[in-house]
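So the structure is just underneath, and the comments pick up after that.
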Amino acid sequence: MSVSLSAAASAAPGNLMLDIEGTELDAQDRDVLLDPQVGGVIFFARNFVSRAQITALSTEIRALRPTLLLAVDQEGGRVQRFKEGFTRLPPMQCFHQLHCDDTAAALALARDSGWLMAAELIDSGLDFSFAPVLDADADRCGAIADRAFSADVERVTALAGAFIEGMHEAGMAATGKHFPGHGGVVADSHLELPVDGRSWEALATADLVPFARLADRLDAVMPAHILFSEIDSRPVGFSPIWLQQRLRGELGFTGVIFSDDLSMEGAGAAGGYAERAEAALRAGCDMVLACNNRRGALEVLQHLHNLDWPIPARVATMRTEGRNGLALAAAPARWERTAAALAVLG
(Lines give C-alpha, C1' and ligand atoms only; values in the text may rest on other atoms or scores of the structure.)
Protein backbone atom coordinates (compact mmCIF):
# COMPACT_ATOMS: atom_id res chain seq x y z
CA MET A 1 0.00 0.00 0.00
CA SER A 2 1.57 3.26 -1.11
CA VAL A 3 0.82 6.37 0.94
CA SER A 4 2.52 9.74 0.64
CA LEU A 5 4.42 11.02 3.67
CA SER A 6 2.10 14.01 4.12
CA ALA A 7 -1.03 11.88 3.70
CA ALA A 8 0.25 9.33 6.21
CA ALA A 9 1.12 11.99 8.77
CA SER A 10 -2.36 13.51 8.65
CA ALA A 11 -4.28 10.24 8.35
CA ALA A 12 -6.85 9.30 10.98
CA PRO A 13 -5.54 6.68 13.44
CA GLY A 14 -5.80 3.03 12.49
CA ASN A 15 -6.77 -0.07 14.45
CA LEU A 16 -3.41 -1.09 15.95
CA MET A 17 -1.59 0.24 19.01
CA LEU A 18 1.99 -0.96 19.25
CA ASP A 19 5.24 -0.17 21.06
CA ILE A 20 8.76 0.96 20.20
CA GLU A 21 12.00 -0.56 21.41
CA GLY A 22 14.04 2.30 22.83
CA THR A 23 14.06 5.78 24.30
CA GLU A 24 14.00 7.46 20.89
CA LEU A 25 12.66 6.64 17.45
CA ASP A 26 14.79 4.72 14.98
CA ALA A 27 14.26 4.53 11.22
CA GLN A 28 12.04 1.44 11.43
CA ASP A 29 9.90 3.05 14.13
CA ARG A 30 9.30 6.09 11.92
CA ASP A 31 8.29 3.93 8.97
CA VAL A 32 5.96 1.82 11.09
CA LEU A 33 4.32 4.79 12.81
CA LEU A 34 3.51 6.32 9.43
CA ASP A 35 1.56 3.23 8.45
CA PRO A 36 -2.10 4.33 8.31
CA GLN A 37 -3.20 1.16 10.09
CA VAL A 38 -1.27 2.22 13.21
CA GLY A 39 -3.49 4.03 15.68
CA GLY A 40 -1.32 4.56 18.72
CA VAL A 41 1.84 3.94 20.72
CA ILE A 42 2.01 2.42 24.19
CA PHE A 43 5.12 3.20 26.23
CA PHE A 44 6.92 0.86 28.63
CA ALA A 45 9.61 1.37 31.26
CA ARG A 46 12.32 0.65 28.66
CA ASN A 47 11.17 3.73 26.74
CA PHE A 48 11.67 5.99 29.75
CA VAL A 49 14.71 7.77 31.16
CA SER A 50 13.32 11.01 32.55
CA ARG A 51 10.34 13.27 32.32
CA ALA A 52 12.16 15.56 29.91
CA GLN A 53 13.10 12.61 27.69
CA ILE A 54 9.58 11.13 27.51
CA THR A 55 8.16 14.58 26.79
CA ALA A 56 10.65 14.99 23.93
CA LEU A 57 9.79 11.52 22.59
CA SER A 58 6.07 12.28 22.73
CA THR A 59 6.69 15.56 20.93
CA GLU A 60 8.69 13.80 18.22
CA ILE A 61 5.90 11.27 17.65
CA ARG A 62 3.30 14.05 17.56
CA ALA A 63 5.34 15.86 14.91
CA LEU A 64 5.58 12.68 12.86
CA ARG A 65 1.92 11.67 13.18
CA PRO A 66 -0.30 14.06 15.15
CA THR A 67 -3.35 11.78 15.19
CA LEU A 68 -1.73 8.85 17.05
CA LEU A 69 -2.90 8.02 20.57
CA LEU A 70 -0.08 7.97 23.13
CA ALA A 71 -0.68 5.74 26.13
CA VAL A 72 1.01 4.03 29.08
CA ASP A 73 0.18 1.84 32.07
CA GLN A 74 0.67 4.28 34.94
CA GLU A 75 -1.45 2.57 37.58
CA GLY A 76 0.88 2.81 40.55
CA GLY A 77 2.81 0.27 42.61
CA ARG A 78 4.49 -2.36 40.45
CA VAL A 79 2.73 -1.10 37.32
CA GLN A 80 4.13 2.40 36.97
CA ARG A 81 6.23 2.76 33.83
CA PHE A 82 7.39 6.35 34.40
CA LYS A 83 9.11 7.04 37.72
CA GLU A 84 11.95 9.58 37.67
CA GLY A 85 10.33 13.03 37.75
CA PHE A 86 6.85 11.60 38.33
CA THR A 87 5.03 11.11 41.62
CA ARG A 88 5.45 7.56 42.88
CA LEU A 89 1.94 6.18 43.10
CA PRO A 90 1.28 3.45 45.68
CA PRO A 91 -0.54 0.22 44.77
CA MET A 92 -4.23 1.03 44.58
CA GLN A 93 -4.96 -1.55 47.28
CA CYS A 94 -3.47 0.93 49.77
CA PHE A 95 -6.80 2.74 49.49
CA HIS A 96 -8.73 -0.24 50.88
CA GLN A 97 -7.74 0.24 54.52
CA LEU A 98 -8.04 4.00 54.31
CA HIS A 99 -11.58 3.53 52.98
CA CYS A 100 -12.33 1.23 55.92
CA ASP A 101 -11.02 3.83 58.39
CA ASP A 102 -12.18 7.09 56.81
CA THR A 103 -14.46 6.82 53.78
CA ALA A 104 -14.53 10.52 52.96
CA ALA A 105 -10.75 10.88 53.16
CA ALA A 106 -10.21 7.83 50.98
CA LEU A 107 -12.57 9.05 48.27
CA ALA A 108 -11.05 12.54 48.31
CA LEU A 109 -7.51 11.18 47.98
CA ALA A 110 -8.54 8.70 45.26
CA ARG A 111 -10.02 11.59 43.29
CA ASP A 112 -6.90 13.73 43.78
CA SER A 113 -4.72 10.75 42.82
CA GLY A 114 -6.57 10.24 39.55
CA TRP A 115 -6.17 13.93 38.83
CA LEU A 116 -2.46 13.95 39.67
CA MET A 117 -1.62 10.84 37.63
CA ALA A 118 -3.51 12.22 34.64
CA ALA A 119 -2.15 15.75 34.95
CA GLU A 120 1.47 14.59 35.04
CA LEU A 121 1.03 12.43 31.95
CA ILE A 122 -0.86 15.08 29.99
CA ASP A 123 1.83 17.59 30.96
CA SER A 124 4.36 15.20 29.37
CA GLY A 125 2.47 14.91 26.10
CA LEU A 126 0.53 11.66 26.58
CA ASP A 127 -3.15 11.12 26.04
CA PHE A 128 -4.04 8.54 28.68
CA SER A 129 -3.08 5.78 31.06
CA PHE A 130 -4.89 2.46 30.86
CA ALA A 131 -6.51 2.98 34.25
CA PRO A 132 -8.22 2.34 36.59
CA VAL A 133 -8.15 -1.38 37.38
CA LEU A 134 -11.71 -2.47 38.22
CA ASP A 135 -10.85 -6.04 39.12
CA ALA A 136 -11.92 -7.10 42.61
CA ASP A 137 -8.98 -8.84 44.20
CA ALA A 138 -6.66 -8.91 47.21
CA ASP A 139 -4.21 -11.73 46.68
CA ARG A 140 -6.03 -14.43 44.68
CA CYS A 141 -4.59 -13.62 41.24
CA GLY A 142 -0.89 -12.77 41.20
CA ALA A 143 -1.30 -10.79 37.99
CA ILE A 144 -3.73 -8.42 39.76
CA ALA A 145 -3.51 -8.62 43.59
CA ASP A 146 -2.52 -5.20 44.94
CA ARG A 147 -3.23 -3.50 41.60
CA ALA A 148 -6.90 -3.73 42.60
CA PHE A 149 -8.47 -1.21 44.97
CA SER A 150 -10.06 -3.99 47.00
CA ALA A 151 -11.56 -7.46 46.93
CA ASP A 152 -14.85 -5.81 47.94
CA VAL A 153 -16.75 -4.79 44.80
CA GLU A 154 -18.53 -1.95 46.61
CA ARG A 155 -15.19 -0.43 47.62
CA VAL A 156 -13.76 -0.96 44.14
CA THR A 157 -16.73 0.87 42.65
CA ALA A 158 -16.54 3.79 45.06
CA LEU A 159 -12.78 4.27 44.94
CA ALA A 160 -12.45 3.72 41.19
CA GLY A 161 -15.35 6.09 40.61
CA ALA A 162 -13.55 8.81 42.55
CA PHE A 163 -10.31 8.08 40.68
CA ILE A 164 -12.16 8.43 37.36
CA GLU A 165 -13.60 11.78 38.47
CA GLY A 166 -10.07 13.02 39.10
CA MET A 167 -8.84 11.81 35.71
CA HIS A 168 -11.70 13.60 34.03
CA GLU A 169 -10.94 16.80 35.94
CA ALA A 170 -7.43 16.74 34.48
CA GLY A 171 -8.80 16.15 30.98
CA MET A 172 -7.94 12.45 30.63
CA ALA A 173 -10.18 9.64 29.41
CA ALA A 174 -10.55 6.66 31.75
CA THR A 175 -10.19 3.00 30.77
CA GLY A 176 -11.69 0.33 33.03
CA LYS A 177 -9.93 -3.03 33.01
CA HIS A 178 -10.06 -6.02 32.86
CA PHE A 179 -13.70 -6.69 31.92
CA PRO A 180 -15.53 -8.56 33.43
CA GLY A 181 -12.97 -9.09 36.22
CA HIS A 182 -10.16 -11.39 37.36
CA GLY A 183 -11.66 -12.04 40.79
CA GLY A 184 -12.49 -15.69 40.17
CA VAL A 185 -9.22 -16.93 38.67
CA VAL A 186 -5.73 -17.61 39.95
CA ALA A 187 -3.96 -18.09 36.60
CA ASP A 188 -2.01 -15.22 35.04
CA SER A 189 -3.26 -14.51 31.50
CA HIS A 190 0.21 -13.29 30.56
CA LEU A 191 1.32 -16.93 30.90
CA GLU A 192 -1.81 -19.02 30.20
CA LEU A 193 -5.53 -18.78 29.50
CA PRO A 194 -7.45 -18.60 32.81
CA VAL A 195 -10.81 -20.38 32.94
CA ASP A 196 -13.67 -19.17 35.14
CA GLY A 197 -16.74 -21.40 35.53
CA ARG A 198 -19.11 -18.80 36.96
CA SER A 199 -22.38 -17.85 35.28
CA TRP A 200 -23.46 -14.36 34.20
CA GLU A 201 -25.86 -14.28 37.14
CA ALA A 202 -23.06 -15.07 39.59
CA LEU A 203 -20.81 -12.43 38.05
CA ALA A 204 -23.58 -9.83 38.12
CA THR A 205 -23.45 -9.65 41.91
CA ALA A 206 -19.66 -9.93 42.08
CA ASP A 207 -16.91 -8.89 39.65
CA LEU A 208 -19.25 -7.22 37.18
CA VAL A 209 -20.53 -4.69 39.71
CA PRO A 210 -17.84 -1.99 39.15
CA PHE A 211 -18.13 -2.27 35.36
CA ALA A 212 -21.92 -2.12 35.42
CA ARG A 213 -22.15 0.84 37.80
CA LEU A 214 -19.36 2.82 36.15
CA ALA A 215 -20.24 2.02 32.52
CA ASP A 216 -21.61 5.49 31.86
CA ARG A 217 -18.50 7.17 33.33
CA LEU A 218 -15.89 5.09 31.55
CA ASP A 219 -14.50 6.30 28.24
CA ALA A 220 -12.97 2.93 27.38
CA VAL A 221 -12.91 -0.67 28.53
CA MET A 222 -10.24 -3.35 28.14
CA PRO A 223 -11.53 -6.94 28.24
CA ALA A 224 -9.65 -9.74 29.97
CA HIS A 225 -8.05 -12.74 28.30
CA ILE A 226 -10.24 -15.08 30.38
CA LEU A 227 -12.49 -17.90 29.23
CA PHE A 228 -15.84 -18.01 31.06
CA SER A 229 -16.77 -21.55 30.16
CA GLU A 230 -20.45 -21.26 31.16
CA ILE A 231 -21.00 -18.21 28.96
CA ASP A 232 -19.00 -18.65 25.74
CA SER A 233 -16.37 -20.94 24.26
CA ARG A 234 -14.23 -17.91 23.33
CA PRO A 235 -12.18 -15.73 25.69
CA VAL A 236 -13.84 -12.41 26.51
CA GLY A 237 -11.72 -10.25 24.18
CA PHE A 238 -12.61 -12.42 21.19
CA SER A 239 -16.28 -12.92 22.02
CA PRO A 240 -19.18 -11.02 20.40
CA ILE A 241 -21.36 -12.41 23.18
CA TRP A 242 -19.25 -10.65 25.79
CA LEU A 243 -18.43 -7.43 23.95
CA GLN A 244 -21.55 -6.78 21.90
CA GLN A 245 -24.34 -8.59 23.72
CA ARG A 246 -23.19 -8.17 27.32
CA LEU A 247 -20.97 -5.07 27.48
CA ARG A 248 -22.67 -2.88 24.89
CA GLY A 249 -26.14 -4.41 25.03
CA GLU A 250 -26.87 -5.25 28.67
CA LEU A 251 -24.50 -2.79 30.36
CA GLY A 252 -25.13 -0.03 27.82
CA PHE A 253 -21.45 0.84 27.35
CA THR A 254 -20.89 3.23 24.44
CA GLY A 255 -17.17 4.02 24.73
CA VAL A 256 -14.03 2.60 23.15
CA ILE A 257 -13.06 -1.07 23.52
CA PHE A 258 -9.33 -1.82 23.48
CA SER A 259 -8.11 -5.40 23.31
CA ASP A 260 -5.62 -6.49 25.93
CA ASP A 261 -2.17 -7.26 24.56
CA LEU A 262 -2.40 -9.84 21.77
CA SER A 263 1.08 -11.05 22.69
CA MET A 264 -0.14 -12.52 25.98
CA GLU A 265 -0.40 -16.30 26.19
CA GLY A 266 -4.06 -15.95 27.11
CA ALA A 267 -4.69 -14.61 23.59
CA GLY A 268 -3.18 -17.66 21.92
CA ALA A 269 -6.50 -19.50 21.76
CA ALA A 270 -7.49 -17.22 18.88
CA GLY A 271 -4.58 -18.35 16.66
CA GLY A 272 -1.63 -16.42 15.26
CA TYR A 273 -1.25 -12.65 15.49
CA ALA A 274 -3.30 -11.90 12.38
CA GLU A 275 -6.08 -14.23 13.52
CA ARG A 276 -6.05 -12.73 17.02
CA ALA A 277 -6.40 -9.20 15.67
CA GLU A 278 -9.25 -10.08 13.31
CA ALA A 279 -11.07 -12.08 15.97
CA ALA A 280 -10.82 -9.18 18.44
CA LEU A 281 -12.09 -6.65 15.90
CA ARG A 282 -14.95 -8.87 14.77
CA ALA A 283 -15.90 -9.47 18.39
CA GLY A 284 -16.26 -5.73 18.98
CA CYS A 285 -12.87 -4.23 19.82
CA ASP A 286 -12.19 -0.82 18.29
CA MET A 287 -8.40 -0.98 18.61
CA VAL A 288 -6.06 -3.91 19.23
CA LEU A 289 -2.74 -3.91 21.09
CA ALA A 290 0.31 -5.92 19.98
CA CYS A 291 3.23 -5.27 22.32
CA ASN A 292 6.75 -6.55 22.88
CA ASN A 293 6.83 -8.45 19.61
CA ARG A 294 7.55 -6.32 16.54
CA ARG A 295 7.25 -9.27 14.17
CA GLY A 296 3.78 -10.03 15.52
CA ALA A 297 2.79 -6.37 15.25
CA LEU A 298 3.94 -6.28 11.63
CA GLU A 299 1.86 -9.40 10.92
CA VAL A 300 -1.15 -7.58 12.34
CA LEU A 301 -0.42 -4.51 10.23
CA GLN A 302 -0.24 -6.50 7.02
CA HIS A 303 -3.48 -8.27 7.84
CA LEU A 304 -5.22 -5.00 8.65
CA HIS A 305 -4.33 -3.68 5.20
CA ASN A 306 -6.01 -6.73 3.69
CA LEU A 307 -8.94 -6.53 6.08
CA ASP A 308 -9.52 -2.77 5.66
CA TRP A 309 -11.46 -2.62 8.91
CA PRO A 310 -13.13 0.74 9.74
CA ILE A 311 -12.21 2.50 12.96
CA PRO A 312 -15.09 4.17 14.84
CA ALA A 313 -15.07 7.93 15.36
CA ARG A 314 -15.34 7.36 19.12
CA VAL A 315 -11.64 6.40 19.27
CA ALA A 316 -10.78 10.09 18.87
CA THR A 317 -12.40 10.79 22.25
CA MET A 318 -9.31 9.30 23.90
CA ARG A 319 -7.21 12.30 22.80
CA THR A 320 -6.29 15.15 25.17
CA GLU A 321 -5.31 17.61 22.47
CA GLY A 322 -5.05 21.20 23.67
CA ARG A 323 -4.99 20.36 27.38
CA ASN A 324 -1.25 19.77 27.86
CA GLY A 325 0.08 21.44 30.99
CA LEU A 326 -3.15 23.16 31.99
CA ALA A 327 -4.03 20.97 34.98
CA LEU A 328 -0.67 21.16 36.74
CA ALA A 329 -0.13 24.82 35.95
CA ALA A 330 -3.53 25.72 37.35
CA ALA A 331 -3.24 23.81 40.62
CA PRO A 332 0.32 23.41 41.95
CA ALA A 333 -0.92 23.36 45.56
CA ARG A 334 -3.19 20.41 44.81
CA TRP A 335 -0.28 18.55 43.24
CA GLU A 336 1.96 19.16 46.27
CA ARG A 337 -0.75 18.19 48.75
CA THR A 338 -1.65 15.01 46.87
CA ALA A 339 1.93 13.91 46.33
CA ALA A 340 2.62 14.29 50.06
CA ALA A 341 -0.50 12.32 51.00
CA LEU A 342 0.39 9.50 48.60
CA ALA A 343 3.89 9.26 50.02
CA VAL A 344 2.37 8.66 53.47
CA LEU A 345 -0.25 6.22 52.13
CA GLY A 346 2.38 4.20 50.27
Side-chain angles (χ1 to χ4, degrees), residues 17-20 40-49 51 54 69-96 109-110 113-122 124 126-151 156 159-160 163-164 166-167 170 172-179 181-183 185-191 194 210 218 220-226 237 258-267 289-292 338-339 342-343 345-346:
M17 178 174 283
L18 44 66
D19 56 339
I20 61 174
V41 176
I42 179 170
F43 295 116
F44 290 91
R46 68 172 183 274
N47 305 126
F48 179 81
V49 174
R51 190 157 172 177
I54 201 67
L69 297 176
L70 302 185
V72 68
D73 289 315
Q74 190 82 340
E75 300 171 16
R78 58 196 161 100
V79 185
Q80 178 167 346
R81 310 305 188 197
F82 302 162
K83 295 178 181 177
E84 181 67 30
F86 286 82
T87 301
R88 291 300 297 269
L89 306 169
M92 292 298 100
Q93 203 163 104
C94 287
F95 284 94
H96 169 88
L109 183 55
S113 299
W115 170 86
L116 180 146
M117 179 277 291
E120 289 187 340
L121 290 180
I122 293 171
S124 302
L126 276 74
D127 290 304
F128 61 95
S129 168
F130 284 109
V133 169
L134 299 186
D135 301 291
D137 195 18
D139 55 12
R140 179 178 178 83
C141 180
I144 304 298
D146 65 359
R147 295 167 64 190
F149 284 99
S150 176
V156 172
L159 290 165
F163 196 89
I164 290 167
M167 292 177 68
M172 179 176 285
T175 303
K177 60 185 187 185
H178 307 80
F179 176 78
H182 270 77
V185 299
V186 174
D188 182 347
S189 55
H190 293 87
L191 306 175
L218 289 168
V221 162
M222 177 177 283
H225 290 316
I226 298 177
F258 290 97
S259 82
D260 205 346
D261 184 7
L262 298 180
S263 299
M264 295 165 60
E265 288 299 318
L289 278 70
C291 314
N292 302 307
T338 305
L342 289 175
L345 183 67

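The figures that follow rest on heavy atoms only: side chains count, while hydrogens, waters and symmetry mates do not.
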| query | Between atom CG of L109 and atom CZ of F163, what is the distance when rounded to the nearest 0.5 Å? | reply | 10.0 Å
| query | Between atom CG of L262 and atom CG of L289, what is the distance when rounded to the nearest 0.5 Å? | reply | 7.5 Å
| note | For D127, the salt bridge (Lys or Arg N to Asp or Glu O under 4.0 Å) test, sequence neighbours excluded, returns R62, R319
| remark: Result for side-chain contact (heavy atoms from CB on, under 4.5 Å) between F43 and one of L121, L126, D19 points to L126
| query | Any donor and acceptor pair, going by atom type alone, linking the side chain of Q74 with main-chain N or O of R81 inside 3.5 Å? | reply | yes
| said: Angle between ring planes, F130 versus F258, binned at 30° and 60°: parallel, tilted or perpendicular? | reply: perpendicular
| Are the side chains of S113 and M92 in touch, meaning some heavy atoms are under 4.5 Å apart? | no
| query | Looking only at heavy atoms, which two atoms of A174 and M167 are closest? And how far apart? | reply | CA-CE, 3.7 Å
| field | Check: E75 side chain, A131 main-chain N or O, donor-acceptor pair, under 3.5 Å | value | no
| Under-4.0 Å salt bridge between R147 and D73 | no
| field | Spacing of OG belonging to S124 relative to CD1 belonging to I54, to within rounding of 0.5 Å | value | 8.0 Å
| So, for F128 and M172, which heavy atoms are closest and what is the spacing to 0.1 Å? | CA-CE, 3.5 Å
| query | Quick one: does H182's side chain get under 4.5 Å of D137's, heavy atoms only? | reply | no
| query | Are any side-chain N or O atoms of S150 and backbone N or O atoms of H96, one a donor and one an acceptor, separated by less than 3.5 Å? | reply | no
| field | Separation of R88 CZ from L342 CG (nearest 0.5 Å) | value | 12.0 Å
| request: Taking the side chain as every heavy atom from C-beta outward, state whether L218 and L134 have any atom pair closer than 4.5 Å. | output: yes
| remark: Correct closest heavy-atom pair for A136 and A151 would be CB-O, 3.8 Å
| request: Starting at CG of N292, measure out to CZ of F44 and round the result to the nearest 0.5 Å. | output: 4.5 Å
| Row check, F82 ring normal vs R51 NZ/CZ: under 6.0 Å, within 45° | no
| request: Would you check if the side chain of H225 reaches a backbone N or O of D261 as a donor-acceptor pair within less than 3.5 Å? | output: yes
| query | When rounded to the nearest 0.5 angstrom, what is the spacing between NE2 in H178 and CD1 in I226? | reply | 9.0 Å
| request: Indicate the atoms forming the closest heavy-atom contact of G237 with P223, along with that distance. | output: CA-CG, 3.8 Å
| request: For residues G346 and C94, report the shortest heavy-atom separation together with the two atoms involved. | output: CA-SG, 4.5 Å
| field | Min side-chain heavy-atom separation E84-F48 under 4.5 Å | value | yes
